[in-house]
Amino acid sequence: MEKNDKLEEKNKKNTNYDASNITALEGLEAVRLRPGMYIGSTDTKGLHHLVYEVIDNSIDEHLAGYCDTVEVIIHEGDSVTVKDNGRGIPVGMHKKLKKSALEVVMTVLHAGGKFDKDTYKVSGGLHGVGVSCVNALSSYLKAEVHRDGQIHVQEYAMGKPTSGVDVKGKTDIKGTFVTFQPDAGIFEELVYSFTILANRLRELAFLNSGLRLILTDERVKDEKGNPLMEEFYSKGGLSEFVVFMDEGKTPIISNPIHVKGSKDNVEVEVAMQYNSSYKENVYSYVNNINTREGGTHVNGFRRAVTRVFKQYGDDNGLFSKLKFKISSEDFREGLTSVVAVKVPEPQFKGQTKGELGNSEVTAIVSQILGEELKHFLEENSLEAKRVIDKVILAATARHAARKAREMVQRKNVLTGSGLPGKLADCSSKDPAASEIFLVEGDSAGGTAKQGRDRNFQAILPLRGKILNVEKAMEHRIYENEEIKNIFTALGVSIEEKEGERILNTEKLRYHKIVIMCDADIDGSHIVTLILTFFYRYMTPLIEQGYIYIAAPPLYRISKGKQFRYCWNEEEREEAIQSYTKGDKEATGVKTQRYKGLGEMNAEQLWETTMDPDARMLRQVTIEDAAECDRVFSMLMGDEVPPRRAFIEANAKYARVDV
Ligand code: 0RA
């Protein structure tokens with residue numbers, strides 16, 4: 001019996017060994033069969049993920065102290081090379097698999113990590129699947145390793161080697177160069193975006209201070225034939241990240257508070273700065289991955305901020321004059337922060353796996369940040385006082401805002417339907433089928449009322465420029481007539497739950513909210529103002545895709561009874577051409593330049609801008625909320641120079657892209 005058991009155990013081990021081998025070998029086939037399981041998707045996101053996956057290995061080399069430069073090159077035809085100056089992937093024989101280690105790293109699933117266990121792989125992409133997955137999903141891949149004075153090269157197709165590991169010459173540098181061509185049979189989207197890669201490399205530069213990241217796009221050349229190139233490097237790391245995020249805002253303390261520490265294998269780094277705005281912005285990362293939904297690290301951060309500042313205020317009698325309770329939210333108004341942790345085995349939760357779940361992390365972050373913050377306050381009493389003053393202001397404003405909000409919402413109940421007098425509502429009561437146009441100016445509003453299809457289109461004229469919400473205090477927002485009208489017309493309200501403000505959209509009356517302004521600089525400024533308002537106070541409506549911008553035409557080109565509307569110069573020239581075919585001169589061709597909505601009559605406004613069958617609407621998305629926020633603050637904030645630079649740089653565009 002005992003003997004049999006042992007034998008069985010041995011057999012089991014054997015079969016297990018074989019089986020695990022087979023799974024490993026079949027692994028890359030599995031990756032090709034179900035790419036989504038390994039890299040999330042095969043759309044543009046997945047395509048870019050391939051690059052991140054390769055870079056992650058280079059960043060691990062940086063973290064281990066062996067690499068200070070990573071280059072990413074987009075080639076013509078959208079193949080990509082990632083070069084680093086790390087140690088180079090080992091090329092010696094892998095004892096068990098009897099193959100070059102390079103081949104193992106490139107062809108065996110999950111073998112991409114380091115062989116030595118002292119350095120855990122921390123940077124791994126969300127999926128952390130390793131470079132072998134990139135190989136599996138590439139029609140062609142070449143790995144070039146500069147190591148021990150020699151250049152070692154191996155090539156692959158769809159993850160399978162098409163050559164040995166060959167020595168191709170001598171070298172006096174060290175590093176790994178990986179070139180890959182994403183498989184057109186796998187990816188729906190094959191074109192790389194410079195902007196997407198640049199944004200990620202910029203973020204990685206801030207998150208890994210001292211690492212130089214260079215992005216080159218050979219598809220785009222200047223007059224001299226030089227490719228487009230951008231370099232990202234940050235000495236100050238997260239401090240500089242916070243300053244970058246807050247460009248255009250007025251800081252409250254002279255430098256961001258920057259804290260680093262580690263405990264139980266968890267590394268914590270936080271940078272934070274208070275600015276004179278009223279919004280909290282937390283950017284959080286785990287192992288270099290953005291955690292959009294926050295998680296235990298962010299909870300730990302908030303806990304420390306509330307605890308330490310509250311204690312400091314209490315100990316110094318700074319809250320003694322306040323007549324109402326201070327809420328944890330008040331400590332975070334105008335606070336921009338980056339919370340980055342490195343966790344050996346991160347657990348991701350939430351709908352998009354964008355939330356850190358490891359419960360031990362909360363206490364670790366809270367403790368490390370708490371101690372450092374305490375020191376900071378003790379040593380910088382002037383700065384501390386300024387922050388506490390802001391906290392008191394926040395609490396006071398919150399108190400006033402609640403009163404103002406309650407007034408607005410109570411008034412709605414008292415006036416029956418509660419709808420604003422200026423609203424020309426539609427007959428449909430089905431939100432999914434209803435649209436509302438927010439129209440700049442009473443006169444354009446009047447034209448829109450005549451031109452609309454009243455069955456499903458409502459019109460709300462807005463007078464002049466609505467309040468500049470970036471600068472205004474929250475309670476002033478609810479006192480603003482135009483903004484009150486927007487709230488009541490849309491049927492949404494702001495509620496307070498456990499100190500957090502939540503937009504209640506249950507009674508939203510329209511699923512298309514269209515901002516319609518003049519197609520000139522003033523109009524685009526008003527679009528920006530209204531969008532700032534939506535971004536700051538009705539974010540869920542943007543996230544749910546309910547906000548649109550109307551695109552009125554710029555020209556009407558006519559000849560006799562024929563006419564065409566044009567939305568840009570190209571179309572205008574085309575139209576003029578089509579009416580002057582054969583003629584030498586453009587006789588009888590009339591160009592009407594629309595400077596504002598007011599120059600169109602009701603019929604023209606309908607057929608160009610409002611008719612669902614003919615119009616163009618631009619849906620407003622929050623592709624990158626951080627960038628969006630930066631642009632808004634720059635345009636609206638206190639600091640003039642960056643705003644002027646931005647406006648000048650974008651002056652050629654009639655409208656502001658969001
Ligand atoms: C395995 C072990 C070692 C380094 C690497 C992999 C490595 C992988 C990649 C992928 C891209 N760049 C890379 N650089 C290094 C450690 C090597 C040693 O101990 O010398």
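Ligands are counted one by one from 1 in listed order, and the atoms in each one are counted from 1 as well.
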Closer than 4.0 angstrom, basic N to acidic O: yes or no for [X] and [Y]?
X	Y	answer
D217	R219	yes
K160	E103	no
R200	E203	yes
R32	D183	yes

Counterpart residues, salt bridge (charged side-chain N to carboxylate O under 4.0 Å, His left out), relative to E76 (two or more places apart):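 Salt bridge (charged side-chain N to carboxylate O under 4.0 Å, His left out) list for E76, sorted by chain: K221.
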K174 and ligand 1 - part of the residue with a heavy-atom distance under 4.0 Å: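 Neither; nothing of K174 gets under 4.0 Å from ligand 1.
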Within reach of ligand 1, part of D84 (heavy-atom separation under 4.0 Å):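 The part of D84 near ligand 1 is the side chain, not the backbone.
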Using a strict cut-off of 4.0 Å, indicate which atoms of ligand 1 neighbour a heavy atom of [X].
X	value
R147	17 (C), 18 (C), 20 (O)
N57	9 (C), 10 (C), 11 (C)
E61	4 (C), 14 (N), 15 (C)

Any P90 heavy atom less than 4.0 Å from ligand 1: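 P90: in contact with ligand 1 (<4.0 Å).
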Ligand 1 contacted by V105 (non-hydrogen, < 4.0 Å):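 Under 4.0 Å: no for V105.
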Below 3.5 Å, can you tabulate the donor-acceptor pairs from side chains in residues 223-234 to any protein atom, sequence neighbours excluded?
| unit_1 | atom_1 | unit_2 | atom_2 | d |
| --- | --- | --- | --- | --- |
| E231 | OE2 | R212 | NH1 | 2.5 |
| S234 | OG | G237 | N | 2.8 |
| S234 | OG | E240 | OE1 | 2.7 |

Options T176, V54, D60, V178, ranked by nearest heavy atom to atom 13 (C) of ligand 1, top entry: T176
